2 protein chains.
Amino acid sequence: MKNETPLIQAIRSFNRNYTKLIGLLDSHLLASGYSLAEARILYEIHANMPVSASDIILQIDIDKGYLSKVLKRFEVNGLIAKEPSPVDARMSLLTLTAAGHTVFNSLDAASNQQVKEMIGKLTDEEQDKLSNNIAAISALLFK
Amino acid sequence: MKNETPLIQAIRSFNRNYTKLIGLLDSHLLASGYSLAEARILYEIHANMPVSASDIILQIDIDKGYLSKVLKRFEVNGLIAKEPSPVDARMSLLTLTAAGHTVFNSLDAASNQQVKEMIGKLTDEEQDKLSNNIAAISALLFK
DNA sequence: ACGATATAGTTGACTTGTTCAACTATATGC
DNA sequence: GCATATAGTTGAACAAGTCAACTATATCGT
(Lines give C-alpha, C1' and ligand atoms only; values in the text may rest on other atoms or scores of the structure.)
Protein backbone atom coordinates (compact mmCIF):
# COMPACT_ATOMS: atom_id res chain seq x y z
CA MET A 1 0.00 0.00 0.00
CA LYS A 2 1.24 3.37 -1.08
CA ASN A 3 1.24 6.74 0.60
CA GLU A 4 -0.49 9.06 -1.84
CA THR A 5 -0.02 12.24 0.15
CA PRO A 6 3.18 13.47 -1.53
CA LEU A 7 1.64 13.05 -4.97
CA ILE A 8 -1.53 14.83 -3.88
CA GLN A 9 0.51 17.75 -2.62
CA ALA A 10 2.63 17.78 -5.78
CA ILE A 11 -0.47 17.84 -7.95
CA ARG A 12 -2.03 20.66 -5.97
CA SER A 13 1.16 22.68 -6.13
CA PHE A 14 1.35 22.00 -9.85
CA ASN A 15 -2.26 23.14 -10.22
CA ARG A 16 -1.55 26.44 -8.51
CA ASN A 17 1.50 27.09 -10.65
CA TYR A 18 -0.12 25.96 -13.85
CA THR A 19 -3.22 28.07 -13.20
CA LYS A 20 -0.96 31.08 -12.92
CA LEU A 21 0.85 30.16 -16.12
CA ILE A 22 -2.42 29.73 -18.02
CA GLY A 23 -3.51 33.11 -16.69
CA LEU A 24 -0.34 34.61 -18.11
CA LEU A 25 -0.82 32.92 -21.46
CA ASP A 26 -4.39 34.17 -21.61
CA SER A 27 -3.57 37.70 -20.56
CA HIS A 28 -3.34 38.84 -24.17
CA LEU A 29 -7.12 38.52 -24.28
CA LEU A 30 -7.43 41.62 -22.10
CA ALA A 31 -6.44 43.73 -25.08
CA SER A 32 -8.63 41.82 -27.51
CA GLY A 33 -11.98 42.80 -26.07
CA TYR A 34 -12.97 39.17 -25.63
CA SER A 35 -13.19 37.33 -22.35
CA LEU A 36 -11.65 33.95 -21.73
CA ALA A 37 -15.10 32.36 -21.88
CA GLU A 38 -15.87 34.04 -25.19
CA ALA A 39 -12.57 32.98 -26.70
CA ARG A 40 -13.16 29.44 -25.53
CA ILE A 41 -16.64 29.41 -27.05
CA LEU A 42 -15.33 30.74 -30.35
CA TYR A 43 -12.73 28.00 -30.28
CA GLU A 44 -15.36 25.30 -29.79
CA ILE A 45 -17.41 26.58 -32.67
CA HIS A 46 -14.35 26.82 -34.86
CA ALA A 47 -13.10 23.36 -33.96
CA ASN A 48 -16.37 21.48 -34.24
CA MET A 49 -18.64 23.40 -36.56
CA PRO A 50 -21.43 23.05 -37.00
CA VAL A 51 -22.20 22.74 -33.29
CA SER A 52 -25.24 23.19 -31.12
CA ALA A 53 -25.20 25.15 -27.87
CA SER A 54 -25.44 21.88 -25.96
CA ASP A 55 -22.37 20.55 -27.74
CA ILE A 56 -20.49 23.52 -26.36
CA ILE A 57 -21.83 22.93 -22.85
CA LEU A 58 -20.56 19.38 -23.08
CA GLN A 59 -17.03 20.65 -23.71
CA ILE A 60 -16.94 23.67 -21.44
CA ASP A 61 -18.60 23.78 -18.06
CA ILE A 62 -20.82 26.80 -18.52
CA ASP A 63 -24.38 27.80 -17.65
CA LYS A 64 -26.74 27.43 -20.60
CA GLY A 65 -28.39 30.79 -19.87
CA TYR A 66 -25.04 32.52 -19.91
CA LEU A 67 -24.01 30.72 -23.07
CA SER A 68 -27.23 31.69 -24.76
CA LYS A 69 -26.49 35.35 -24.10
CA VAL A 70 -22.93 35.13 -25.37
CA LEU A 71 -24.10 33.38 -28.53
CA LYS A 72 -26.74 36.01 -29.08
CA ARG A 73 -24.09 38.71 -28.79
CA PHE A 74 -21.89 36.83 -31.27
CA GLU A 75 -24.82 36.64 -33.66
CA VAL A 76 -25.69 40.31 -33.29
CA ASN A 77 -22.05 41.17 -33.89
CA GLY A 78 -21.98 38.98 -36.97
CA LEU A 79 -19.43 36.46 -35.71
CA ILE A 80 -21.65 33.42 -35.98
CA ALA A 81 -24.67 32.23 -37.93
CA LYS A 82 -27.45 30.10 -36.49
CA GLU A 83 -29.56 27.79 -38.55
CA PRO A 84 -32.18 25.37 -37.31
CA SER A 85 -30.97 21.79 -37.14
CA PRO A 86 -32.61 19.64 -39.79
CA VAL A 87 -32.83 16.67 -37.43
CA ASP A 88 -33.96 18.38 -34.23
CA ALA A 89 -36.02 21.53 -34.38
CA ARG A 90 -35.14 22.47 -30.80
CA MET A 91 -31.51 22.96 -31.72
CA SER A 92 -29.67 25.52 -33.75
CA LEU A 93 -26.46 24.73 -35.55
CA LEU A 94 -23.80 27.35 -35.15
CA THR A 95 -21.09 28.23 -37.61
CA LEU A 96 -18.49 30.95 -37.77
CA THR A 97 -19.07 33.66 -40.35
CA ALA A 98 -16.18 35.14 -42.29
CA ALA A 99 -16.00 37.87 -39.67
CA GLY A 100 -16.06 35.20 -36.98
CA HIS A 101 -13.17 33.40 -38.62
CA THR A 102 -11.22 36.62 -38.72
CA VAL A 103 -11.73 37.23 -35.03
CA PHE A 104 -10.97 33.62 -34.17
CA ASN A 105 -7.82 33.61 -36.27
CA SER A 106 -6.54 36.73 -34.61
CA LEU A 107 -7.16 35.34 -31.11
CA ASP A 108 -5.70 32.00 -32.15
CA ALA A 109 -2.57 33.58 -33.55
CA ALA A 110 -2.08 35.63 -30.39
CA SER A 111 -2.47 32.50 -28.25
CA ASN A 112 0.05 30.64 -30.37
CA GLN A 113 2.44 33.54 -30.05
CA GLN A 114 2.16 33.51 -26.26
CA VAL A 115 2.91 29.80 -26.09
CA LYS A 116 5.71 30.20 -28.59
CA GLU A 117 7.37 32.82 -26.43
CA MET A 118 7.04 30.57 -23.43
CA ILE A 119 8.72 27.59 -25.05
CA GLY A 120 11.21 29.84 -26.79
CA LYS A 121 13.15 29.95 -23.55
CA LEU A 122 13.69 26.19 -23.73
CA THR A 123 16.37 24.32 -25.64
CA ASP A 124 15.37 21.81 -28.29
CA GLU A 125 16.04 18.97 -25.87
CA GLU A 126 13.89 20.60 -23.21
CA GLN A 127 11.11 21.08 -25.74
CA ASP A 128 11.22 17.39 -26.59
CA LYS A 129 11.10 16.54 -22.94
CA LEU A 130 8.15 18.85 -22.38
CA SER A 131 6.37 17.31 -25.31
CA ASN A 132 6.80 13.82 -23.88
CA ASN A 133 5.75 14.89 -20.39
CA ILE A 134 2.61 16.54 -21.71
CA ALA A 135 1.69 13.49 -23.74
CA ALA A 136 2.26 11.23 -20.74
CA ILE A 137 0.12 13.28 -18.38
CA SER A 138 -2.60 13.61 -20.99
CA ALA A 139 -2.70 9.86 -21.44
CA LEU A 140 -3.00 9.37 -17.69
CA LEU A 141 -5.53 12.04 -16.82
CA PHE A 142 -7.61 12.73 -19.91
CA LYS A 143 -8.74 9.22 -20.71
CA MET B 1 15.94 24.66 -36.65
CA LYS B 2 12.88 23.05 -35.20
CA ASN B 3 9.23 23.32 -36.06
CA GLU B 4 7.55 24.35 -32.85
CA THR B 5 3.99 24.24 -34.14
CA PRO B 6 3.12 20.71 -33.00
CA LEU B 7 4.33 21.42 -29.50
CA ILE B 8 2.41 24.69 -29.41
CA GLN B 9 -0.76 22.89 -30.41
CA ALA B 10 -0.12 20.12 -27.91
CA ILE B 11 0.38 22.64 -25.12
CA ARG B 12 -2.79 24.50 -26.00
CA SER B 13 -4.78 21.29 -26.13
CA PHE B 14 -3.29 20.30 -22.79
CA ASN B 15 -4.26 23.68 -21.37
CA ARG B 16 -7.87 23.27 -22.42
CA ASN B 17 -8.07 19.80 -20.93
CA TYR B 18 -6.23 20.72 -17.78
CA THR B 19 -8.38 23.79 -17.24
CA LYS B 20 -11.41 21.55 -17.33
CA LEU B 21 -9.81 19.10 -14.91
CA ILE B 22 -8.92 21.88 -12.47
CA GLY B 23 -12.50 23.12 -12.73
CA LEU B 24 -13.68 19.66 -11.75
CA LEU B 25 -11.27 19.44 -8.85
CA ASP B 26 -12.39 22.85 -7.62
CA SER B 27 -16.10 22.17 -7.98
CA HIS B 28 -16.39 21.11 -4.35
CA LEU B 29 -16.00 24.78 -3.49
CA LEU B 30 -19.50 25.46 -4.78
CA ALA B 31 -20.92 23.77 -1.70
CA SER B 32 -18.45 25.42 0.67
CA GLY B 33 -19.69 28.97 0.31
CA TYR B 34 -16.24 30.16 -0.72
CA SER B 35 -15.18 31.16 -4.20
CA LEU B 36 -12.06 29.91 -5.90
CA ALA B 37 -10.45 33.30 -5.37
CA GLU B 38 -11.30 33.27 -1.69
CA ALA B 39 -9.96 29.76 -1.24
CA ARG B 40 -6.77 30.73 -3.02
CA ILE B 41 -6.33 33.78 -0.82
CA LEU B 42 -6.88 31.74 2.32
CA TYR B 43 -4.27 29.31 1.06
CA GLU B 44 -1.73 32.07 0.54
CA ILE B 45 -2.26 33.41 4.03
CA HIS B 46 -2.04 29.91 5.48
CA ALA B 47 1.09 29.02 3.55
CA ASN B 48 3.05 32.21 4.11
CA MET B 49 1.75 33.87 7.22
CA PRO B 50 2.27 36.53 8.19
CA VAL B 51 1.73 38.08 4.75
CA SER B 52 0.83 41.51 3.47
CA ALA B 53 -1.85 42.09 0.84
CA SER B 54 0.90 42.85 -1.68
CA ASP B 55 2.56 39.53 -0.98
CA ILE B 56 -0.70 37.88 -2.00
CA ILE B 57 -0.93 39.95 -5.17
CA LEU B 58 2.57 38.81 -6.05
CA GLN B 59 1.42 35.18 -5.93
CA ILE B 60 -2.05 35.48 -7.39
CA ASP B 61 -2.92 37.87 -10.17
CA ILE B 62 -5.72 39.81 -8.57
CA ASP B 63 -6.85 43.42 -8.39
CA LYS B 64 -5.77 45.12 -5.18
CA GLY B 65 -9.16 46.75 -4.71
CA TYR B 66 -10.88 43.41 -5.01
CA LEU B 67 -8.41 41.77 -2.66
CA SER B 68 -8.90 44.53 -0.13
CA LYS B 69 -12.63 43.82 -0.07
CA VAL B 70 -12.18 40.08 0.29
CA LEU B 71 -9.72 40.58 3.14
CA LYS B 72 -12.09 42.95 4.86
CA ARG B 73 -14.83 40.35 4.64
CA PHE B 74 -12.46 37.73 6.07
CA GLU B 75 -11.66 40.05 8.93
CA VAL B 76 -15.31 40.88 9.63
CA ASN B 77 -16.08 37.16 9.61
CA GLY B 78 -13.22 36.49 11.98
CA LEU B 79 -11.11 34.36 9.64
CA ILE B 80 -8.04 36.58 9.66
CA ALA B 81 -6.37 39.14 11.91
CA LYS B 82 -4.59 42.25 10.65
CA GLU B 83 -1.81 43.95 12.52
CA PRO B 84 0.31 46.86 11.36
CA SER B 85 3.73 45.86 10.06
CA PRO B 86 6.47 46.96 12.42
CA VAL B 87 8.79 47.77 9.53
CA ASP B 88 6.42 49.53 7.12
CA ALA B 89 3.42 51.41 8.44
CA ARG B 90 1.65 51.25 5.09
CA MET B 91 1.32 47.50 5.32
CA SER B 92 -0.73 45.19 7.49
CA LEU B 93 0.38 41.68 8.29
CA LEU B 94 -2.31 39.08 7.95
CA THR B 95 -2.64 35.86 9.90
CA LEU B 96 -5.29 33.20 10.10
CA THR B 97 -7.29 33.12 13.32
CA ALA B 98 -8.33 29.80 14.87
CA ALA B 99 -11.63 30.11 12.96
CA GLY B 100 -9.65 30.84 9.80
CA HIS B 101 -7.58 27.73 10.30
CA THR B 102 -10.73 25.70 10.73
CA VAL B 103 -12.17 26.99 7.47
CA PHE B 104 -8.88 26.55 5.64
CA ASN B 105 -8.44 23.01 6.95
CA SER B 106 -11.87 22.02 5.81
CA LEU B 107 -11.32 23.44 2.31
CA ASP B 108 -7.87 21.92 2.19
CA ALA B 109 -9.14 18.48 3.20
CA ALA B 110 -11.86 18.62 0.56
CA SER B 111 -9.31 19.58 -2.10
CA ASN B 112 -7.06 16.73 -1.06
CA GLN B 113 -9.99 14.36 -1.25
CA GLN B 114 -10.83 15.47 -4.80
CA VAL B 115 -7.28 14.90 -5.97
CA LYS B 116 -7.14 11.61 -4.12
CA GLU B 117 -10.20 10.37 -5.95
CA MET B 118 -8.70 11.42 -9.25
CA ILE B 119 -5.46 9.53 -8.75
CA GLY B 120 -7.29 6.64 -7.13
CA LYS B 121 -8.17 5.44 -10.61
CA LEU B 122 -4.48 5.03 -11.42
CA THR B 123 -2.26 2.06 -10.66
CA ASP B 124 0.83 2.55 -8.51
CA GLU B 125 2.99 2.55 -11.61
CA GLU B 126 0.81 5.16 -13.27
CA GLN B 127 0.97 7.29 -10.15
CA ASP B 128 4.75 7.16 -10.24
CA LYS B 129 4.72 8.11 -13.88
CA LEU B 130 2.39 11.01 -13.17
CA SER B 131 4.60 12.15 -10.34
CA ASN B 132 7.72 12.11 -12.51
CA ASN B 133 6.08 13.93 -15.38
CA ILE B 134 4.64 16.60 -13.13
CA ALA B 135 8.05 17.16 -11.59
CA ALA B 136 9.62 17.37 -15.03
CA ILE B 137 7.14 19.94 -16.34
CA SER B 138 7.44 21.96 -13.16
CA ALA B 139 11.21 22.07 -13.56
CA LEU B 140 10.85 23.21 -17.16
CA LEU B 141 8.10 25.80 -16.83
CA PHE B 142 8.14 27.11 -13.29
CA LYS B 143 11.75 28.15 -13.04
C1' DA C 1 16.66 67.59 4.71
C1' DC C 2 13.25 68.32 1.06
C1' DG C 3 10.45 67.70 -2.70
C1' DA C 4 9.14 64.41 -6.20
C1' DT C 5 7.82 59.98 -7.00
C1' DA C 6 6.46 55.33 -5.78
C1' DT C 7 4.05 51.91 -3.01
C1' DA C 8 0.31 49.92 0.36
C1' DG C 9 -4.15 49.71 0.98
C1' DT C 10 -9.17 51.57 1.08
C1' DT C 11 -13.34 53.08 -0.82
C1' DG C 12 -17.32 53.92 -3.88
C1' DA C 13 -19.16 53.88 -8.41
C1' DC C 14 -19.61 51.24 -12.08
C1' DT C 15 -19.49 47.30 -15.39
C1' DT C 16 -19.50 42.62 -16.32
C1' DG C 17 -20.06 37.92 -15.27
C1' DT C 18 -22.88 34.31 -13.52
C1' DT C 19 -26.76 32.02 -11.52
C1' DC C 20 -31.45 30.76 -11.42
C1' DA C 21 -36.06 29.82 -12.33
C1' DA C 22 -39.81 30.33 -15.41
C1' DC C 23 -41.09 29.65 -19.95
C1' DT C 24 -41.72 28.00 -25.06
C1' DA C 25 -40.93 24.57 -28.20
C1' DT C 26 -39.85 20.17 -29.63
C1' DA C 27 -38.53 15.35 -28.96
C1' DT C 28 -38.66 10.77 -26.75
C1' DG C 29 -40.30 6.94 -23.90
C1' DC C 30 -44.06 4.26 -21.97
C1' DG D 1 -51.12 10.28 -26.81
C1' DC D 2 -49.70 11.68 -22.34
C1' DA D 3 -45.76 12.24 -19.28
C1' DT D 4 -41.27 13.37 -19.10
C1' DA D 5 -36.91 15.06 -20.86
C1' DT D 6 -34.08 18.20 -23.59
C1' DA D 7 -32.77 22.70 -26.32
C1' DG D 8 -32.66 27.16 -25.87
C1' DT D 9 -34.35 32.04 -24.33
C1' DT D 10 -35.31 35.57 -21.18
C1' DG D 11 -35.44 38.70 -17.16
C1' DA D 12 -34.43 39.40 -12.53
C1' DA D 13 -31.26 39.11 -9.05
C1' DC D 14 -26.77 38.73 -7.29
C1' DA D 15 -21.72 38.12 -7.23
C1' DA D 16 -17.42 39.22 -9.12
C1' DG D 17 -14.19 42.25 -10.95
C1' DT D 18 -12.49 46.85 -12.62
C1' DC D 19 -11.11 51.42 -12.04
C1' DA D 20 -9.87 55.78 -10.46
C1' DA D 21 -9.49 58.81 -6.65
C1' DC D 22 -7.72 59.17 -2.26
C1' DT D 23 -4.90 58.77 2.34
C1' DA D 24 -0.83 57.45 4.33
C1' DT D 25 3.75 56.24 4.36
C1' DA D 26 8.23 55.18 2.29
C1' DT D 27 12.09 55.93 -0.86
C1' DC D 28 15.02 58.27 -4.13
C1' DG D 29 17.80 61.95 -5.92
C1' DT D 30 19.91 66.10 -5.16
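In the text below, chain A, chain B and the rest are named by the order of the sequence lines, each starting its count at 1. Keep in mind that what you see is a predicted model, and the values were worked out from it rather than measured.
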Sugar-phosphate, base or nothing in reach of Ser85(A), heavy atoms under 4.0 Å: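 Nothing: the residue Ser85(A), judged by heavy atoms under 4.0 Å, touches no strand.
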
Touch class at under 4.0 angstrom, heavy-atom based, for Asp88(A) against every strand present: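 Answer is sugar-phosphate: Asp88(A) comes under 4.0 Å of backbone atoms only.
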
Exam field: side chain Ser68(B) to backbone Lys64(B), donor-acceptor pair closer than 3.5 Å: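 No; judged by distance alone, with no hydrogens or angles, the pair does not exist.
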
Closest to the [X] side chain, choosing from [options]:
| X | options | value |
| --- | --- | --- |
| Tyr66(B) | dT18(C), dA16(D), dT19(C) | dA16(D) |
| Lys72(A) | dG17(C), dT10(D), dA27(C) | dT10(D) |
| Asp63(B) | dC19(D), dG8(D), dA26(D) | dC19(D) |
| Ser68(A) | dT10(D), dT10(C), dA16(D) | dT10(D) |
| Arg90(A) | dG17(C), dA16(D), dA25(C) | dA25(C) |

Search all heavy atoms of [X] against all heavy atoms of [Y] and return the closest pair with its distance.
| X | Y | answer |
| --- | --- | --- |
| Ile134(A) | Ala10(B) | CG2-O, 4.2 Å |
| Val51(A) | Asp55(A) | CA-OD2, 3.5 Å |
| Ser52(B) | Leu93(B) | N-CD2, 4.3 Å |

In whole angstroms, how far is the [atom2] atom of [N] from the [atom1] atom of [X]?
| X | N | atom1 | atom2 | result |
| --- | --- | --- | --- | --- |
| Lys64(B) | dT23(D) | NZ | P | 14 Å |
| Met91(A) | dT24(C) | CE | P | 22 Å |
| Leu67(A) | dA7(D) | CG | C1' | 11 Å |
| Ile62(B) | dG17(D) | CD1 | P | 7 Å |
| Leu93(B) | dG9(C) | CG | C1' | 13 Å |
| Leu36(A) | dG17(D) | CG | C1' | 14 Å |
| Leu94(B) | dG9(C) | CG | C1' | 11 Å |
| Leu30(A) | dT16(C) | CG | P | 14 Å |

Base dT18(D) to side chain Lys69(B), donor-acceptor N/O within 3.5 Å cut-off: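 It does, because a donor-acceptor pair links the side chain of Lys69(B) to the base of dT18(D) below 3.5 Å.
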
Point-to-point distance, once rounded to the nearest 0.5 Å, from CD1 of Ile137(A) to NZ of Lys129(B):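 The distance works out to 10.5 Å.
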
Ser54(A) vs dG8(D): side-chain N/O to OP1/OP2 distance below 4.0 Å: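 Checking dG8(D) against Ser54(A), a side-chain N or O does come within under 4.0 Å of OP1 or OP2.
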
DNA chain C: 5'-proximal contact among Ala37(A) and Val87(A) (nearest heavy atom):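 Final value for this comparison: Ala37(A).
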
